[in-house]
2 protein chains.
Amino acid sequence: MQDPSGAKKRLKLWLSMLRTTRNVEYVLRDRLKSEFDTTLPRFDVMAALFRSDEGMSMTRLSEQLVVSNGNVTGIVDRLEQEGRVQRVTNERDRRATLVALTDLGRAEFAKMAAAHQRWIDEMLTPLAAEDTGRMTDMFQVLRDGMQSSGMDRQRKTKSKD
Amino acid sequence: MQDPSGAKKRLKLWLSMLRTTRNVEYVLRDRLKSEFDTTLPRFDVMAALFRSDEGMSMTRLSEQLVVSNGNVTGIVDRLEQEGRVQRVTNERDRRATLVALTDLGRAEFAKMAAAHQRWIDEMLTPLAAEDTGRMTDMFQVLRDGMQSSGMDRQRKTKSKD
DNA sequence: TGTTATTATTTCAAGTCAAAACTTTTTAAG
DNA sequence: CTTAAAAAGTTTTGACTTGAAATAATAACA
């Protein structure tokens with residue numbers, strides 16, 4: 001028998017996974033741009049802010065999105081220019097900035113999120129209902145495996161050892 | 001019952017898929033950098049060239065990798081500087097350039113590909129053997145669905161209708 | 001009370017990516 | 001033959017990304 005360990009099947013799976021994910025991402029980017037004149041990173045930032053009523057600090061934002069702090073600065077800069085978010089300096093700790101959605105940003109995001117859900121729904125519908133849950137579980141298995149090997153990247157919160 | 005159409009489950013699946021894919025990509029980028037001083041896009045270009053003995057034109061390269069032609073220019077520029085690929089102008093059609101791996105590039109890529117296979121293997125091993133194939137099939141279902149809705153992005157080759 | 005360390009954020013350099021404008025070359029029409 | 005259209009690449013512009021260095025403010029402590 002060939003490929004006894006299944007190595008080739010795993011490579012094939014990865015290429016398939018990468019291609020599919022990129023394809024979905026491409027559609028999302030494309031529609032966010034054409035329908036809302038925004039981008040996926042900006043959408044992600046707004047989504048995080050939408051979930052928190054009071055807004056978030058830059059650091060917490062970068063932790064939650066698992067991107068560098070310098071990265072968040074640029075994205076928030078643009079959102080601020082567009083009037084969708086607002087920076088407020090914390091007067092108790094003048095190092096910190098609180099970022100929050102403006103009323104405009106909140107209203108716009110509600111529409112974006114609804115559309116985003118529709119798009120995802122449209123793209124993932126071909127999958128049988130039971131496969132949807134099964135696949136989610138498989139991803140969890142993979143992430144657990146990577147985490148236990150220390151190969152994951154979301155361990156910004158310094159462990160206490 | 002809540003979520004009768006399964007919309008929430010599909011959103012959850014997408015977020016899980018995105019997170020997992022990014023995590024794998026992160027590991028690959030990280031190791032390509034630390035062990036071979038290269039990047040994923042450069043690896044992808046070398047992989048495409050490795051499969052074709054004669055080399056490829058810039059346009060065919062950008063079609064195959066599904067990235068913009070301007071993008072390929074920059075990546076090939078860097079690979080050329082590193083001495084891993086070579087540009088040869090086609091004398092019959094002086095617009096066209098043929099890009100091919102150098103001997104050095106070919107030798108190096110062989111090592112990179114072996115390591116790449118090991119890394120993938122390592123990360124995807126937690127998945128049961130039958131799930132590996134099953135998941136690959138599910139991705140195929142998704143891509144087929146997207147393609148039939150015209151939502152795929154790899155239709156650069158103008159259809160003849 | 002003065003360091004010294006830590007924390008929060010921004011800035012910068014290098015690279016990745018897409019889209020659009022542009023150059024050069026080739027092909028097609030008339 | 002001359003002009004128009006198409007094709008192959010490159011350049012440019014703008015956005016995103018990381019990691020490192022720079023700023024600034026706060027906390028810790030001897």
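Naming convention: chains lettered A, B, ... in sequence-line order (proteins, then strands); numbering from 1 in each chain.
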(message) According to ring-ring contact (aromatic ring centres under 6.0 Å, His included), does anything in residues 44-77 of chain A pair up with another residue at least two apart or in another chain? List the pairs.
(response) A:Phe50-A:Phe109

(request) With a 4.0 Å heavy-atom cut-off, tell me which residues in residues 71-88 of chain A come close to DNA chain D, sorted by residue number. (result) A:Asn71, A:Ile75, A:Arg78

(request) Check the distance between C:dT24's C1' and B:Asn90's CG and give it to me in whole angstrom. (result) 15 Å

(request) Could you tell me whether a side-chain N or O of B:Thr102 sits under 3.5 Å from a main-chain N or O of B:Arg84, the two making a donor and an acceptor? (result) yes

(request) Could you tell me whether the side chain of A:Asp3 and the main chain of A:Ala7 form a donor-acceptor pair under 3.5 Å? (result) yes

(message) Taking CZ in B:Arg60 as the centre, count heavy atoms belonging to other residues, nucleotides or ligands within less than 6.0 Å. Is the count above 12?
(response) no

(request) Determine, stepwise, if the pair B:Leu28 / A:Trp14 fulfils side-chain contact (heavy atoms from CB on, under 4.5 Å). (result) CA-CA 12 Å; B:Leu28 294 179; A:Trp14 164 242; 3.7 Å; yes

(message) For a quick test of reading the model: is some side-chain N or O of B:Arg42 closer than 4.0 Å to OP1 or OP2 of C:dG15?
(response) no

(request) Whole angstrom is fine here: how far is it from CG in B:Leu28 over to P in C:dT16? (result) 15 Å

(request) Answer yes or no: is there a donor N or O on one side and an acceptor on the other, between the side chain of A:Arg143 and the main chain of B:Ser16, under 3.5 Å? (result) yes

Identify each atom pair where a protein N or O and an N or O of nucleotides 21-27 of chain D are less than 3.5 Å apart, giving names and distance.
| unit_1 | atom_1 | unit_2 | atom_2 | d |
| --- | --- | --- | --- | --- |
| D:dT26 | OP1 | A:Arg92 | O | 3.4 |
| D:dT26 | OP1 | A:Arg94 | N | 3.4 |

(request) Indicate yes or no: at least one non-hydrogen side-chain atom of B:Gln64 is less than 4.5 angstrom from one of B:Arg51. (result) yes

(request) Compare all side-chain heavy atoms of B:Met56 with those of B:Leu49 and state whether any distance is below 4.5 angstrom. (result) yes

(message) In whole Å, I'd like the distance from the CZ atom of B:Arg29 to the C1' atom of D:dG19.
(response) 15 Å

(message) Donor-acceptor pair, distance only, cut-off 3.5 Å: does the side chain of B:Thr97 make one with the backbone of B:Val88?
(response) no

(message) Could you check whether any side-chain heavy atom of B:Val76 comes within less than 4.5 Å of a side-chain heavy atom of B:Leu61, counting everything from C-beta outward?
(response) yes

(message) I need the CG-C1' distance between A:Leu61 and C:dT10, as an integer number of Å.
(response) 15 Å

Determine all donor-acceptor pairs shorter than 3.5 Å in which one atom belongs to a side chain in residues 32-41 of chain B; sequence neighbours excluded.
| unit_1 | atom_1 | unit_2 | atom_2 | d |
| --- | --- | --- | --- | --- |
| B:Ser34 | OG | B:Asp30 | O | 3.2 |
| B:Thr39 | OG1 | B:Arg42 | N | 3.3 |

(request) Rounding to 10 degrees, work out the angle separating the end axes of the helix from C:dT1-D:dA30 to C:dG30-D:dC1 (five pairs an end). (result) 10°

(message) Can you confirm whether A:Thr132 sits close enough to A:Leu124 that some side-chain heavy atom of one is under 4.5 Å from a side-chain heavy atom of the other?
(response) no

(request) Between D:dA8, C:dT16, D:dC16, spot the one nearest the side chain of B:Ala96, thanks. (result) D:dA8

(request) May I ask you to decide if B:Gly145's main-chain N or O and B:Ser148's side chain share a donor-acceptor pair within less than 3.5 Å? (result) yes

(request) In whole angstrom, give the distance that lies between atom CG of B:Leu32 and atom C1' of C:dG15. (result) 15 Å

(request) Answer yes or no: is there a side-chain heavy-atom contact under 4.5 Å between A:Gln86 and A:Glu80? (result) no

(request) Tell me which residues in residues 50-59 of chain B put a heavy atom below 4.0 Å from DNA chain D, sorted by number, or none. (result) B:Ser57, B:Met58, B:Thr59

(request) Map B:Leu40 and A:Leu98 onto DNA chain C by nearest heavy atom, then report which one ends up closer to the 5' terminus. (result) A:Leu98

(message) Without decimals, in angstroms, what is the distance between A:Lys33 NZ and C:dC17 P?
(response) 17 Å

(message) What is the distance, to the nearest angstrom, from the CZ atom on A:Arg22 to the P atom on C:dT16?
(response) 13 Å

(request) Quickly work out the A:Asp30 CG to C:dA19 P distance and round it to whole Å. (result) 8 Å

